[in-house]
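Sequence lines set the chain letters: A, B, ... in the order given, protein chains first and strands last, and positions in each chain run from 1.
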Amino acid sequence: MIRDRYKKLPREFYARDTHAVAKELLGKVVVRQWRGKTIAVRINEVESYVGEDDQASHASRGRTPRTAIMYGPPGLAYVYLIYGMYYCLNVVTEKEGYPAAVLIRGAVMESGMRNQELGLEKPLNGPGKLCRALHITSAQNRLDLARSDTLYIADDGFAVSPRAITATPRVGVDYAGEHALLPWRYVIQNEP
DNA sequence: ACGCTGATGAAG
DNA sequence: TTCATCAGCGTT
């Protein structure tokens, strides 16, 4: 069972500046209930995708059937298939109507959750691996992380010093011109 | 450095 | 309806 001090992040957490949300997601715990088991991993790598002007964002082409979720309420999951075989988990941020999200790129197993049984002893360094480990697919697209009990993000009091956060350019967005250089990828320097 | 793989969105 | 393009990963 999840320890009592795990607090599910409320919608207000996500309804803020995307970079603030992204940095504060570092050290938080993604909790997944799957087939009666709990899988919990601590986030150590994220990326911000902000607005239609961001040429690296899926929303750069405006509202489409796929990107409509990014314009939706904060706290909803945006899950998409990439390269035909991997899923990526994002969480929608900012106020409804403004397209922005944080991509959860990396995490490590949270101890004491019997995760070893589930084969999560290896670091989940990459959004595809993370989704595979947490059994996240397009079935979780549009899920409300502020309400769901099967997939949400929790604060367990783990503190990440701002000094431990490094900002770098985002991964895999070379096509985005000058936006590819923006330091909108945030990583914890020394893993939790 | 490359192939796998299929949804997506733009073009026609 | 086709077609190029991909917010990744594992193997070479």
Exercise for the section: Examine A:R16 relative to A:F13 and say whether NZ or CZ is less than 6.0 Å from the centre of the six-membered ring and inside a 45° cone about the ring axis. Expected result: yes

Exercise for the section: Tell me whether the centres of the aromatic rings in A:H58 and A:Y80 are closer together than 6.0 Å. Expected result: yes

Problem - Proximity to the side chain of A:T67 - top-ranked nucleotide from B:dG9, C:dG8, C:dA7 - result: B:dG9

Practice task
Extract the stems that DNA chain C is part of, considering only consecutive pairing runs of at least three Watson-Crick or G-U wobble pairs, both distances under 3.5 Å.
Solution key: B:1-4 with C:8-11, B:6-11 with C:1-6

Exercise for the section: Identify whether any heavy atom of A:R132 sits under 4.0 Å from a base atom; if not, whether one sits that close to sugar-phosphate; answer base, sugar-phosphate or nothing. Expected result: sugar-phosphate

Fill in the blank from the handout: When rounded to whole Å, the CG to P distance for the pair A:L124 and C:dG10 reads 11 Å

Handout entry: A:H58 vs C:dA7: side-chain N/O to OP1/OP2 distance below 4.0 Å
Key = yes

Handout entry: Within 45° cone of A:Y152 ring axis and under 6.0 Å: A:R32 NZ or CZ
Key = no

Practice task
Find out whether the Lys NZ or Arg CZ of A:R42 is both under 6.0 angstrom from the six-membered ring centre of A:F158 and within 45° of the ring's axis.
Solution key: yes

Handout entry: Minimum-distance nucleotide to A:R66 side chain [options: B:dG9, C:dC9, C:dA7]
Key = B:dG9

Practice task
Rounded to the nearest angstrom, tell me the gap between atom CD1 in A:I69 and atom P in B:dG9.
Solution key: 13 Å

Completion exercise
To the nearest angstrom, the CG-P distance between A:L103 and C:dC6 comes to 16 Å

Exercise for the section: May I ask you to say what A:R170 touches in the nucleic acid, namely base, sugar-phosphate or nothing, with a heavy-atom cut-off under 4.0 Å? Expected result: nothing

Handout entry: Residues in contact with DNA chain C, drawn from residues 78-87 of chain A - heavy-atom cutoff 4.0 Å
Key = A:Y80, A:I82, A:Y83, A:M85, A:Y86

Problem - Heavy atoms from other residues, nucleotides or ligands near CZ of A:R147 exceed 12 (cutoff 6.0 Å) - result: no

Handout entry: For atom CD of A:E45 and atom P of C:dA7, their distance in whole Å
Key = 16 Å

Problem - Check: A:I188 main-chain N/O paired with A:N44 side-chain donor or acceptor under 3.5 Å - result: no

